[in-house]
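Each chain gets a letter, A, B and so on, in the order the sequences are listed, and its residues count up from 1.
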Amino acid sequence: MQKSEENFNNFKDFPKNYDYQAVEKKIAQYWEDNDTYSFDFFDTEKEIFSADTPPPYVSSAHLHVGHVMSYSQAEFIVRYKRMKGFNVFYPMGFDDNGLPTERYVEKKYKINKSKITREEFIDLCLKETKIGIETYKALWKSAGISVDYRLSYSTIDERCRKTSQKSFIDLYHKKLIERRNEPILWCPQCRTSLAQADIIIEELNGILYDIEFKSSSGQGLIISTTRPELLGACVAIYANPLDDRYRFLNGQSVKTPLYNKDVPVKYDETVDINYGTGLMMVCTWGDAEDVRKWKENKLDTAIIIDKAGRLNEASGAYSGLTVRDAKRAIVDDLKKLSLIKGEKPLLHNVGVHDRCETPVEFIRELQWFIKILDNKDKFLEAAGEIKWHPDFMKPRYDEWVNNLKWDWNISRQRFYGVPFPVWYCANCGEVILAKEDELPVDPAAAEPDIIKCPKCGGKEFKPETDVMDTWMTSSMTPLINALWAYDSRAADKKKLLDRIYPMSLRPQAQEIIRTWLFYTVVKSIYHTGNIPFKNVMISGWGLDKNGKKMSKSLGNFVGPEEIINKYSADALRYWASKANLGQDLRFNEEDAANGRRLLIKLWNAARFLITNVNEGFNPYEKDVSELELGEVDKWVITEFENTLKICGNYMESYEYSSSLKAMVDFFYNVYCDNYLEIIKNVFWDEEEENFDRKDKALNVMYFVSFNMIKIFAPFFPFITEELYLSFYKNFEKAGSIHLSNWPDYRKELTFESSIKTVKILLNILEASRKLRTSLNLHQNHKIDKLLVKTLNNDYISILNSVNGDIKSAARAKRMIFSDEADFKTADDNLFIKIEK
RNA sequence: GGGCGGAUAGCUCAGCAGGUUAGAGCAUCGGCUUUACAAGCCGGGGGUCACAGGUUCGAACCCUGUUCCGCCUACCA
């Protein structure tokens, strides 16, 4: 580092090799030391661009390059906006409360929940939370993610607890939240209730058993079920009203086998005549359909499964067995009685808990619900006001909302989460809310701020011991960022709510559309009547090289540190840039290697300019428009401006990948392979006529390359910053390239005729390269004569106007028009010949 | 069952308001090292654009149908 300081003004010694490991460390520190990415709270002029950064959840052990991919993709846009002059509000959140963290800690420490106290467990969670945060920070820093860490939050910290609890109280007052005793989704493994969004449908192998029941008239009835263990919970038999076979059962009851219990026969159009025998056993409660029929038809209640997923006393002889064991035992018993009339293997869809993949059950418990079913229309409408990138992701949201079946249960029978700000009167059960200015509160550790129950006068209060669903907090992130929970207290902070909310951008992964995105819309509509953000960008997945989604459990896992160390963070980001938004992206090390090649090429192209600059060089002595430009200069600038325009359009529509591709194409094909190749020769021909040409070329190179690395800056923040600080900054004002302005497209710098002219030159150049190859001539061998023949008279004056550049590019001492030229170029009117 | 995305060179992907001979990178083959870059440069070979129809003067691109891959969603107990 010291060395580069010494050589700061000695461009001739600009390092030959790009030492990315040292540079990236140095630059990351430079950003930190200079608060490069700080949001300016006091700037009220600049328009704000605020991003609702996804809080990654604690177990950083699962991190892979796919995570860096999605964060980078969001960041390309954020960095672009920063360069476009926005005051960028880009916080980092850490999602570390709730079930995911608990599951992680349980697994890591092999915890038996009955042998550990709530406090000990929470301590372990807090400890892992801290470790997770540090690991993440280190990774994001090394990956160049430009967040403002002063704006960090953790979903278990005071601000988030306060915000979540205030949300609860606000919704309670708005009557959008209520406590109900009804069947809920339950995970027997995690011993907690769940919401619909926590359930995923999995295709599992099962067996469809044909079991014989008896009608009250003594007739055998075959009923197909995959859940014989629920026989004891059977409360009705259903048939389709149009099914002639079972009309006779009307008014009869049916006796269940083993239990010999009489259950009524009912009819419902939803029963599929063609499934099994057309008869359906309805239980308390095997699935959502059972719950619906139970509710609508006021069926009996026969609960036989407990919270641990075991059968209870009501199941008789099977009490104490797990659902799985009970199924086996009951099937055995039925077989002994010859009541199993058939069994066939069946692939069926089972709802399982997304965190542990345990099939969920229905049980009845008092739970808190946020009402969402009543307002589906509002949530659909809100999503319509948000701009979706890419727009084909929106139907997933609509589909989810349209299919919602349950209100949002936010009660979780767990430890590590935000507590409900609620007590109950021990006498009458009246709900006692915490006072808003006391939030956050832990009702288990504090008393309510009243002496007696306002309803019954009771003086004892019991705290709510459940914690809130982790999404209860995550759904608040825009309002956490905006300090919504504090707005009634501090006037200046309230301004922040007005300034950054709704947020400009929500970047996120596709699999949490139904959770993070949906719940955030719900909360925002309910709390503020406004959408939470104006744009949402949905990233695809990082896949392994075989096209499978990366995951720890599959072991097809590539760690970002490894790739950063080997190829650099910029190179990893290059890989991340290859997929446009919403597209999955395979990880091949080749792509990172290609990224590194590009960086090295950038380095060397810059080095050519830097090492050729003489003392006193001033790129701003004259604006490029005032220089007497040659055709080739005009051409490279025109091509650059055209590309710049394209890049800007792409970035505006979040198509960062196409933007980068366009500029990389320009960089390779136009700038390096042709412009530098054409003009570089003048730098070592010490002929006086070249001096002026050199100066102009340096100015052109400065203009083009500086603007070009600005376009690259969002993608490759490290190398562009290094080039900027070690060279360009000597002539510029901004303290960082990332705080410099995205270049404006300048129409007056496009010279369309130069493209035609240089096309002729390039055709000659290409042909001469081919000729050299076939003649075994070195590309650098200076030939004596380049003979040119053209069938188009208009070309003659054009060729004369770029005579010098043609000679230089083709490494020829002279260019002569001659009919001897017989090697056809790509242009039918143009022939050349080489004389050594 | 419904919906979305994808199928283009050996591999990974661009191209799709329809328009000369379909592109890039990697891989491969041939050539080139004193002068930005061998982690490089120059040049070459390589494709019936998943399949079948249709619209059109003209289709990788538009329409219809089919097959395969991935995802979202769905009560067949």
| note | Test ring-ring contact (aromatic ring centres under 6.0 Å, His included), reference A/His389, set A/Tyr656, A/Tyr654, A/Tyr650, output is A/Tyr654

| remark: Comparing nearest nucleotides in RNA chain B, the 5'-proximal residue of the pair A/Tyr574, A/Asp584 is A/Tyr574

| task | Name the residue closer to the 5' end of RNA chain B, choosing between A/Leu543 and A/Met393 according to the nucleotide with the nearest heavy atom. | result | A/Met393

| query | With the sugar-phosphate defined as primed atoms, P, OP1 and OP2, and the base as all remaining atoms, what B/S/- string results for nucleotides 72-77 of chain B, 5' to 3', for protein heavy atoms under 4.0 Å? | reply | BSBBBB

Distances under 3.5 Å between nitrogen or oxygen atoms of protein and nucleotides 21-24 of chain B:
none

Starting from [atom2] on [N], measure out to [atom1] on [X] and report it in whole angstrom.
| X | N | atom1 | atom2 | answer |
| --- | --- | --- | --- | --- |
| A/Lys601 | B/A36 | NZ | C1' | 8 Å |
| A/Asn17 | B/A36 | CG | C1' | 12 Å |
| A/Trp575 | B/C13 | CH2 | P | 12 Å |
| A/Leu585 | B/C13 | CG | C1' | 10 Å |
| A/Asn604 | B/U35 | CG | P | 12 Å |
| A/Ile834 | B/G43 | CD1 | P | 13 Å |

| task | Any chance you could measure A/Leu279, atom CG, to A/Ile211, atom CD1, to the nearest 0.5 Å? | result | 12.5 Å

| task | Tell me yes or no: between the side chains of A/Asn580 and A/Ser658, is some donor less than 3.5 Å from an acceptor? | result | yes

| Is there side-chain contact between A/Asn594 and A/Leu598, with at least one heavy-atom pair below 4.5 Å? | no

| Looking at A/Ser659, A/Ser657, A/Ser653, which one forms a side chain to side chain donor-acceptor pair (under 3.5 Å) with A/Glu655? | A/Ser653

| Can a side chain N or O of A/Arg586 be found less than 4.0 Å away from OP1 or OP2 on B/C13? | yes

| Closer than 4.0 Å, any side-chain N/O of A/Lys16 to the OP1 or OP2 of B/C37? | yes

| field | Passing option when A/Cys234 is tested against A/Val254, A/Ile223, A/Thr256, A/Asp290 for side-chain contact (heavy atoms from CB on, under 4.5 Å) | value | A/Thr256

Please list each protein N or O that sits under 3.5 Å from an N or O in nucleotides 26-28 of chain B, with the distance.
| residue | atom | partner | partner atom | Å |
| --- | --- | --- | --- | --- |
| B/C26 | O2' | A/Glu590 | OE1 | 3.4 |

| note | Which of B/U35, B/C42, B/G43 is nearest the side chain of A/Asp673? It is B/C42

| said: When the C1' atoms of B/G19 and B/C61 are compared, how many Å lie between them, rounded to an integer? | reply: 12 Å

| message | Heavy atoms only, 4.0 Å cut-off, all strands: where does A/Cys672 land among base, sugar-phosphate and nothing? | response | base

| said: Please check if the number of heavy atoms outside A/Lys756 that lie under 6.0 Å from its NZ is greater than 12. | reply: no

